[in-house]
Undergrad: 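Before we start, here is the structure in question, set down as structure tokens.
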Amino acid sequence: MTYNFREIETKWQKYWEQNQTFKADQDSDKPKFYVLDMFPYPSGAGLHVGHPLGYIASDIYARYKRHKGYNVLHPQGYDSFGLPAEQYAIQTGQHPATTTAKNIDTYRRQLDQMGFSFDWSREVRTSSADYYKWTQWIFIQLFESWYDKSADKAMPITALVSLFSKNGNRDINAVCDADTPGFSSTQWAKFSEKEQQKILLKYRLAYLAEAEVNWCPKLGTVLANDEIVNGLSERGGYPVVRKKMTQWSMRISAYADRLLQGLENIDWTDSLKESQRNWIGKSVGALIRFDIVDHKSKIEVFTTRPDTIFGVSFMTLAPEHPLVKTITTETQKKAVEAYVLATTKRSERDRMSDVKTISGVFTGAHAVHPFTKAPIPIWIGDYVLAAYGTGAVMAVPCGDQRDHDFAKHFNISIPNIFKDVDISEAAFTEKSKTVISNSDFLDGLNFKAATKAAIDALVSLGQGERKINYRLRDAVFSRQRYWGEPFPVYYVDGLPKMIDIKHLPITLPEVEKYLPTEDGDPPLGRAEVWAWDTTKRAVVPNSKIDQTIVFPLELNTMPGWAGSSWYFNRYMDPQNTKEFASQKALNYWREVDLYIGGSEHATGHLLYARFWQKFLFDRGFLPVDEFAKKLINQGMILGTSAFAARIEGSNTFISEDLIDKQSVQYIHVDVSFVNASNEMDIAAFKAWRKDYGCAEFKTSNDGSFKVKREVEKMSKSKYNVVNPDAICETYGADALRLYEMFLGPLEQYKPWNTAGITGVFNFLKKLWKLYLNDSGLRITDNPPSKQALRILHKTIKKVTEDIESFSFNTAVSNFMIAVNELNAQKCNSRAVLEPFLVLIAPYAPHITEELWSQLGHKTSISSAEFPIFDPQYLIENSKNYPISFNGKMRFTLEMSLDFTREEIEKTVIENEKTIAQLEGRTPKKVIVVQGKIVNIVY
RNA sequence: GCGCACGUGGCGGAAUUGGUAGACGCGCUAGCUUGAGGGGCUAGUGGGAAUUAUUCCCGUGGAAGUUCGAGUCUUCUCGUGCGCACCA
């Protein structure tokens with residue numbers, strides 16, 4: 001019998017499906033374990049070999065946990081709203097739902113052929129109305145909530161309203177807009193309904209506000225900060241400009257500190273936590289208010305160095321700062337206006353890339369130093385960002401390099417307030433070595449003491465207070481797109497109203513074209529049926545809008561991260577029509593125990609999801625406030641691109657080994673035309689790229705044409721994509737699974753090289769032969785040899801350690817070693833080979849299922865529990881030959897396998913005795929390598 | 001600039017967490033076998049030197065340190081990747 005992987009794999013995939021082997025049962029007395037992958041966006045290109053890496057790892061872990069006796073939830077679904085499907089729809093006119101459904105079919109087929117143990121009965125799709133009904137529901141909850149800083153949690157907005165009517169808002173410690181006015185309970189009662197609603201919007205966690213947003217003209221939509229990379233859109237790489245727009249926002253800033261604190265309690269990688277900490281950007285300092293000479297307003301600045309207050313020699317405002325207009329003196333007006341105009345013209349990207357040029361202008365106005373009362377010139381400079389802090393800084397040129405540069409450039413004085421430090425060339429920024437001088441009551445103090453003293457003094461003057469500032473901004477939640485969740489919102493007299501939960505979902509209307517309309521409105525502006533009838537409580541045609549009964553609906557849709565911010569909770573109870581998930585299901589499954597996905601989501605999905613989780617927890621909808629206990633970032637699998645060299649300015653290609661001094665251009669070549677020796681098939685290349693059909697080729701002496709290789713991200717546009725379908729076809733899913741794991745550590749970035757797969761393929765063939773030969777099963781019920789048992793037990797120990805530490809690569813190596821050793825031992829004992837199969841089952845499920853059934857088992861290996869992973873099993877079964885010995889001394893593994901426990905103990909005791917007698921003292925540690933004492937430590 | 005991660009053969013990568021560096025696989029070399037579409041088996045494979053039951057020296061980006069002992073710990077330095085970036 002030969003190893004016919006194709007037959008075996010289809011057979012068992014069908015078996016698992018028919019028997020619902022992987023259906024997770026909520027009513028179980030087993031302990032639960034929730035293993036989750038980041039669900040994919042179903043793109044038109046299908047999967048390449050890099051995509052399933054994380055799914056294979058999580059699948060192995062899920063299968064392992066089932067063998068260990070856990071009730072495992074291992075679901076999968078699709079993040080199916082998003083830009084690419086919409087871009088495709090704009091180009092082709094096809095409905096995004098159609099292309100999305102088609103792509104999902106492809107994904108499903110590709111996933112199925114790899115033998116994943118997903119519980120597909122729990123599949124979710126963010127674009128299905130059954131699902132986004134609950135996304136809309138969560139949005140309404142956010143709208144109906146505010147953040148109470150005293151309780152440090154979100155509260156229902158009704159509670160806020162009753163507080164307002166009791167005491168107004170003066171005693172309320174809430175996270176709200178900066179321009180919220182103060183009012184008393186009587187004032188509140190006198191406000192009109194509209195005025196009250198406007199004020200409440202300043203408190204809601206989902207709120208509508210005019211804000212500076214990142215507008216991408218090319219994509220015709222706004223983008224969140226995490227969707228912009230180096231001033232360009234993440235998708236497409238188009239320029240992004242700042243624009244004032246009225247948009248829905250999420251008050252994630254309210255959760256800044258808890259998002260930071262929460263990182264302490266979850267097992268995520270340091271680099272990922274660091275990314276999130278960076279993104280949240282907490283800095284501790286003070287808010288200081290400076291009076292302005294001959295002016296009523298004050299300038300507020302945020303600083304982390306209030307200790308340097310006596311070093312202030314000027315102030316700098318961001319060009320966009322509102323005070324710029326009012327404080328500028330007549331004589332400086334022209335210069336200031338010209339400067340402000342020049343900076344607004346520069347794009348965000350220009351401003352970011354050009355950080356070395358110092359520019360600024362004097363306003364003519366002066367601020368007043370809070371202690372010395374000396375006048376301080378107020379400048380404008382574009383090194384100050386409007387979006388951070390208060391958009392204004394107190395400049396201390398001796399203590400901040402940027403201020404130092406600015407002062408030098410404009411010849412502003414640089415007073416020195418540091419003891420025994422030379423600041424003529426550069427600012428002195430080392431907080432820990434700071435000793436203040438020339439600073440009145442702060443003289444002689446260090447950073448910490450001076451900071452405290454300065455803030456205390458400012459507080460007593462009423463000119464400042466302690467303040468924590470965050471870089472994290474509220475997240476813009478509106479997108480001018482079609483293919484996203486519609487808002488459950490209609491507008492009465494310009495104010496948003498939520499549609500009652502009873503009437504959800506509000507489903508996407510049909511539109512003719514998916515482009516934004518000519519006047520820049522979102523595509524939903526084209527929908528003919530898109531108005532809310534408040535009596536019928538239904539979506540009706542726009543033509544019926546009368547502003548008394550029928551009102552316009554929100555035209556924007558929600559961003560891509562809306563649906564992905566809570567899907568892990570939906571898997572717990574995916575068919576529920578009454579709630580997003582039942583309390584029973586939520587309390588049983590609680591949180592994700594192991595989450596696997598890419599690190600590119602560090603400041604997007606993973607931050608937003610934590611935010612929503614904490615919010616839903618606050619409002620009592622969830623039992624835990626962190627959704628994923630442990631998270632692993634799988635590294636990317638890179639492609640090995642091939643490049644043909646073309647002599648510049650000609651149509652002649654030259655073999656890589658012939659390039660001497662010619663200047664050449666490199667052109668991507670499809671990797672399928674290139675063999676392992678980097679030789680390209682010229683005919684295939686010509687047929688592929690018709691435009692190079694008549695090109696000349698300078699080949700090597702042996703007639704071959706060599707190409708250059710380089711490792712890059714795997715992508716269609718780089719022609720270096722390896723399709724898993726082809727691998728499954730030639731080597732099978734088990735070989736693909738093993739090889740992806742064998743390639744290297746899960747977290748690491750590593751290049752794909754198909755050639756190496758023969759190694760694991762041979763392993764599978766050897767494994768097969770270990771159980772079956774030409775005449776059939778070669779397993780006997782004879783008792784196993786001691787050596788064979790040792791091999792088994794050693795492998796159990798190693799592989800269990802490997803999987804618990806997610807070292808899947810070394811686990812595969814250990815299987816290979818074991819198969820070779822069992823082969824050498826000519827082992828055919830059932831007592832060894834049955835448990836051995838169990839070890840491999842999570843990694844190569846199809847071949848192990850087949851061999852398991854060949855061994856005469858009637859039930860699936862995948863659904864069975866085994867005691868071999870229990871630490872007690874090894875202790876019981878390897879009594880005669882300790883797998884490891886953790887006594888006073890440590891021995892190499894080889895030694896522990898070569899000697900029995902009695903022998904080892906004897907040696908140790910004898911050696912100790914001898915040494916003690918010889919030296920007259922007792923050794924602390926005796927180092928034994930290969931049975932020989934190499935050193936003694938006292 | 002700040003932060004995080006990493007640096008081991010021709011390649012992907014191991015190393016019991018401070019104890020024989022290079023496991024396992026690819027590739028390569030030699031021999032056997034002829035399966036004949038991608039083979040199978042055996043042996044060898046870090047570098048160098050003398051010599052073949054082998055032996056010796058060097059070797060984990062570089063320099064120093066701790067230690068009986070360092071790929072592993074500490075400091076400095078060089079290089080690569082990622083994140084943030086005029087963040088006050």
Side-chain angles (χ1 to χ4, degrees), chain A residues 229-230 269-283 285-286 301-306 308 315-316 318 351-352 354-358 381-385 387-396 399-403 405-406 429 469-472 599-600 602-603 633 635-636 640 676-677 730-731 738-739 742-745 747-763 765 797-798 801-802 805 807 809-820 883-886 889-896 925 927-930 932 934-938:
Chain A
V229 180
N230 295 327
T269 61
D270 285 341
S271 69
L272 198 136
K273 286 184 181 181
E274 206 50 40
S275 283
Q276 293 212 344
R277 285 191 195 109
N278 248 328
W279 191 261
I280 295 167
K282 179 177 183 170
S283 43
V301 301
F302 173 73
T303 178
T304 53
R305 298 297 303 274
T308 63
M315 315 275 297
T316 317
R351 212 166 137 177
M352 275 168 66
D354 178 28
V355 297
K356 290 205 178 73
T357 323
I358 295 164
D382 70 356
Y383 79 96
V384 177
L385 302 175
Y388 184 79
T390 60
V393 300
M394 61 173 220
V396 183
D400 184 287
Q401 193 53 47
R402 291 154 304 168
D403 296 342
D405 295 341
F406 195 86
T429 54
N469 198 54
Y470 296 94
R471 201 188 77 97
L472 183 71
S599 57
E600 65 273 21
T603 52
N633 289 127
M636 208 178 280
T640 316
S677 326
T730 23
Y731 299 99
L738 285 170
Y739 188 52
F742 182 72
L743 226 42
E747 301 90 334
Q748 207 162 297
Y749 280 55
K750 49 209 173 266
W752 178 267
N753 172 20
T754 307
I757 201 170
T758 53
V760 292
F761 190 54
N762 283 339
F763 158 75
K765 287 195 281 193
K797 182 170 193 315
K798 283 186 168 182
E801 282 166 7
D802 289 338
S805 59
S807 306
N809 54 329
T810 49
V812 177
S813 293
N814 285 323
F815 292 140
M816 292 181 178
I817 295 167
V819 161
N820 288 339
I883 295 300
S884 67
F885 184 87
N886 292 319
M889 297 181 216
R890 295 165 60 193
F891 297 84
T892 61
L893 187 68
E894 286 88 333
M895 184 184 175
S896 67
K925 196 168 148 191
I927 293 117
V928 182
V929 175
Q930 272 204 331
K932 281 181 280 185
V934 294
N935 220 321
I936 305 149
V937 181
Y938 297 97

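Chain naming here is simple, since letters A, B, ... match the order of the sequence lines and numbering starts at 1 in each. What you are looking at is a predicted structure, and each value in this text was computed from that prediction instead of being measured.
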Undergrad: With heavy atoms under 4.0 Å as the rule, sort A:Asn814 into base, sugar-phosphate or nothing.
TA: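 If one applies the 4.0 Å heavy-atom cut-off, A:Asn814 turns out to touch nothing in the nucleic acid.
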Undergrad: Give, for atom OH of A:Tyr731 and atom OG1 of A:Thr758, the distance between the pair rounded to the nearest 0.5 Å.
TA: 6.5 Å
Undergrad: Please round to the nearest 0.5 Å and tell me the distance separating atom OG1 of A:Thr390 and atom CG of A:Leu385.
TA: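 Going from the OG1 atom of A:Thr390 to the CG atom of A:Leu385 covers 11.5 Å.
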Undergrad: The criterion is side-chain hydrogen bond (donor to acceptor under 3.5 Å, both in side chains); which residues satisfy it with A:Ser813, sequence neighbours excluded?
TA: none
Undergrad: Report, as a single string ordered 5' to 3', how protein heavy atoms within less than 4.0 Å touch nucleotides 31-41 of chain B: B base, S sugar-phosphate only, - not at all.
TA: -------B-S-
Undergrad: Have a look at B:rG9 and give me syn or anti from its glycosidic angle (syn if within 90° of zero).
TA: syn
Undergrad: Quick one: stems for RNA chain B, with Watson-Crick or G-U pairs under 3.5 Å, at least three in a row?
TA: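 Counting only runs of 3 or more consecutive pairs, the stems involving RNA chain B are B:1-7 with B:78-84, B:10-12 with B:24-26, B:27-33 with B:39-45, B:46-50 with B:54-58, B:61-65 with B:73-77.
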Undergrad: Start at the 5' end of RNA chain B and walk down; is the nucleotide closest to A:Thr304 or to A:Gly756 reached first?
TA: A:Gly756
Undergrad: When the P atoms of B:rG13 and B:rA85 are considered, how many whole Å apart are they?
TA: 30 Å
Undergrad: Please state the P separation for the pair B:rG7 and B:rG71 - nearest whole angstrom.
TA: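 The same atom, P, in both gives a distance of 14 Å.
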Undergrad: For nucleotides B:rU51 and B:rA70, find the distance between their C1' atoms and express it as a whole number of Å.
TA: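 After rounding to an integer number of Å, I get 32 Å for this pair.
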Undergrad: For A:Arg402, give me all partners under salt bridge (Lys or Arg N to Asp or Glu O under 4.0 Å), at least two apart in sequence or on another chain.
TA: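 In terms of salt bridge (Lys or Arg N to Asp or Glu O under 4.0 Å), with neighbours along the sequence ignored, A:Arg402 is linked to A:Asp400.
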Undergrad: With P as the reference atom in both, quote the distance from B:rG46 to B:rG22 in angstrom, rounded to an integer.
TA: 9 Å
Undergrad: Whole Å only: how far is the NZ atom of A:Lys750 from the C1' atom of B:rU80?
TA: 17 Å
Undergrad: Under a 90° cut-off about 0 for the syn range, is B:rU16 syn or anti?
TA: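 That one's anti.
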Undergrad: Touch check for A:Tyr749, heavy atoms < 4.0 angstrom, all strands: base, sugar-phosphate only, or nothing?
TA: sugar-phosphate
Undergrad: Determine the interatomic distance between P on B:rA14 and the same-named atom on B:rG1; round to the nearest Å.
TA: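 Here B:rA14 and B:rG1 have their P atoms 32 Å from each other.
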Undergrad: For residues A:Asp403 and A:Val396, report the shortest heavy-atom separation together with the two atoms involved.
TA: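 Between these two residues, the closest heavy atoms are OD2-N, 2.9 Å.
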Undergrad: Have a look at A:Glu801 and say if it touches a base, only the backbone sugar-phosphate, or nothing, with a 4.0 Å heavy-atom cut-off.
TA: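 If one applies the 4.0 Å heavy-atom cut-off, A:Glu801 turns out to touch nothing in the nucleic acid.
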Undergrad: Identify whether any heavy atom of A:Asn820 sits under 4.0 Å from a base atom; if not, whether one sits that close to sugar-phosphate; answer base, sugar-phosphate or nothing.
TA: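 Sugar-phosphate contact only - A:Asn820 comes under 4.0 Å of backbone atoms but never of a base.
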Undergrad: Using 30° and 60° as the class boundaries, would you call the ring planes of A:Phe302 and A:Tyr388 parallel, tilted or perpendicular?
TA: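 It falls in the perpendicular class, over 60°.
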Undergrad: Sequence neighbours left out, what passes side-chain contact (heavy atoms from CB on, under 4.5 Å) with A:Asn753? Give chain and number order.
TA: A:Tyr739, A:Ala755
Undergrad: To the side chain of A:Pro745, which of B:rC26, B:rG13, B:rA88 is closest?
TA: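 In terms of side-chain proximity for A:Pro745, the closest of B:rC26, B:rG13, B:rA88 is B:rG13.
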Undergrad: Between B:rG65 and B:rU60, how far apart are the two P atoms, rounded to whole Å?
TA: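 Roughly 16 Å separates the two P atoms.
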Undergrad: Check A:Met394 against A:Arg305 and note the closest heavy-atom contact, atom names and distance.
TA: CE-O, 3.7 Å
Undergrad: Send over the distance from A:Leu743 CG to B:rG12 P, rounded to a whole Å.
TA: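 Atom CG in A:Leu743 sits about 11 Å away from atom P in B:rG12.
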Undergrad: Please report the distance separating the P of B:rU20 from the corresponding atom of B:rU72, rounded so that it comes out in whole Å.
TA: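 So the two P atoms sit 14 Å from each other.
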Undergrad: To the closest 0.5 Å, what do you measure between CD1 (A:Ile817) and OG1 (A:Thr810)?
TA: 9.5 Å
Undergrad: Can you measure A:Met394 atom CE to B:rA88 atom C1' for me and round it to whole angstrom units?
TA: 9 Å
Undergrad: If you restrict it to nitrogen or oxygen atoms, what contacts under 3.5 Å exist between nucleotides 2-5 of chain B and the protein, and what is each distance?
TA:
unit_1	atom_1	unit_2	atom_2	d
B:rG3	O2'	A:Glu274	OE2	3.1

Undergrad: Tell me the interatomic distance from A:Asp382, atom CG, to B:rC86, atom P, rounded to whole angstroms.
TA: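 Rounded to whole Å, this separation is 11 Å.
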Undergrad: Using 4.0 Å as the upper bound for N to carboxylate O, is an ion pair formed by A:Arg277 and A:Glu274?
TA: yes
Undergrad: Could you measure between the two P atoms, the one in B:rC41 and the one in B:rU52, and give it in whole Å?
TA: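 Pairwise P distance, B:rC41 against B:rU52, rounds to 34 Å.
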